[in-house]
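Note that the numbering runs from 1 along the sequence shown for the chain. Scope of the values below: all heavy atoms of this structure, side chains included, with no hydrogens, waters or symmetry mates.
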Amino acid sequence: QVQLVESGGGLVQAGDSLRLSCATSGFTFASYAMGWFRQAPGKEREFVAAISWSGGSSYYADSVQGRFTISRDNAKNTVYLEMNILKPEDTAVYYCAADALGYGSRWSSEYEYWGQGTQVTISS
């Protein structure tokens, strides 16, 4: 049974940091690219960051470039999203997802497995 479980969300103030984790099981994690997406109330789900199967390549949305860092630990089957200098507009439910193609993608349609999401709320 495939599982992706996000954790680390919460309520923080603008300028603070959070680290999200996504623990996975039930598939060959080391062969999959991993991505983070987010969805704010009333908005469509949007790409945040992605990392290739090896961790050698990573990609970011322009809105988070320089503030967020995606990483992975293939020994722990876990992907992380370090979020710094958080802004109120970062408020959203954050989802991790797994992409069998392995290289990382900005397109949600290419992701096979999804977590349930974790809420991140940034107060001004």
Parallel, tilted or perpendicular: which describes the rings of Phe68 and Tyr94, with under 30° parallel and over 60° perpendicular? tilted
If you look at every heavy atom in Ala100 and Glu112, which pair is closest and at what distance? CB-OE1, 3.4 Å
Is Trp53 close to Asp99 at the side-chain level, that is, under 4.5 Å between some pair of heavy atoms? no
For residues Gly9 and Val120, report the shortest heavy-atom separation together with the two atoms involved. CA-CG2, 4.1 Å
Side-chain heavy atoms nearer than 4.5 Å, only ILVMFWY residues, links allowed to pass through others: does that put Tyr95 and Phe29 together? no
In terms of hydrophobic clustering (I, L, V, M, F, W, Y; side-chain heavy atoms under 4.5 Å; direct or indirect links), are Leu18 and Trp36 co-clustered? yes
From Glu89 atom CD to Ile122 atom CD1, the distance as rounded to the nearest 0.5 Å: 9.5 Å
Does one hydrophobic cluster hold both Val12 and Val93, with members joined at side-chain heavy-atom distances below 4.5 Å? no
Give a yes or no answer on whether the side chain of Arg106 reaches the backbone of Tyr60 with a donor-acceptor pair at less than 3.5 Å. yes
For the atom pair CG (Leu101) and OH (Tyr111), what is the distance rounded to the nearest 0.5 Å? 9.5 Å
Taking the ring centre of each residue, are Tyr59 and Phe47 less than 6.0 Å apart? no
Measure the shortest side-chain to side-chain distance between Met83 and Asp90 over non-hydrogen atoms and say whether it is less than 4.5 angstrom. no
Are Val79 and Leu20 grouped together when hydrophobic residues (ILVMFWY) are joined by side-chain heavy atoms under 4.5 angstrom apart? yes
Six-ring centre of Tyr32, Arg72 cation under 6.0 angstrom, axis tolerance 45°: no
Does the side chain to side chain contact (heavy atoms under 4.5 Å, CB included) test come out yes or no for Trp114 and Arg45, once each step is laid out? CA-CA 12 Å; Trp114 290 82; Arg45 189 173 298 186; 3.1 Å; yes
When you measure from the side chain of Ser57 to the backbone of Ser52, do you find a donor-acceptor pair of N or O atoms at a distance under 3.5 Å? no
Using 30° and 60° as the class boundaries, would you call the ring planes of Tyr113 and Phe27 parallel, tilted or perpendicular? tilted
From CD (Glu82) to CD1 (Ile70), nearest 0.5 Å: 12.0 Å
At their closest point, which heavy atom of Pro88 faces which heavy atom of Ala14, and how far apart are they? CD-CB, 4.1 Å
Does a side-chain heavy-atom distance below 4.5 Å link Arg38 with Glu46? yes
Taking C-beta and beyond as the side chain, do Leu4 and Met34 meet within less than 4.5 Å on heavy atoms? yes
What distance do Lys43 atom NZ and Thr91 atom OG1 have between them, rounded to the nearest 0.5 Å? 10.0 Å
How about Leu81 and Thr69: do any of their side-chain heavy atoms sit closer than 4.5 Å? no
Could you give the distance from CD (Gln13) to OG (Ser123), rounded to the nearest 0.5 Å? 5.0 Å
Where the side chain of Thr78 meets the backbone of Ala23, is there a donor-acceptor pair that is under 3.5 Å apart? no
Without swapping roles, check the side chain of Gln116 against the backbone of Val5 for a donor-acceptor pair under 3.5 Å. no
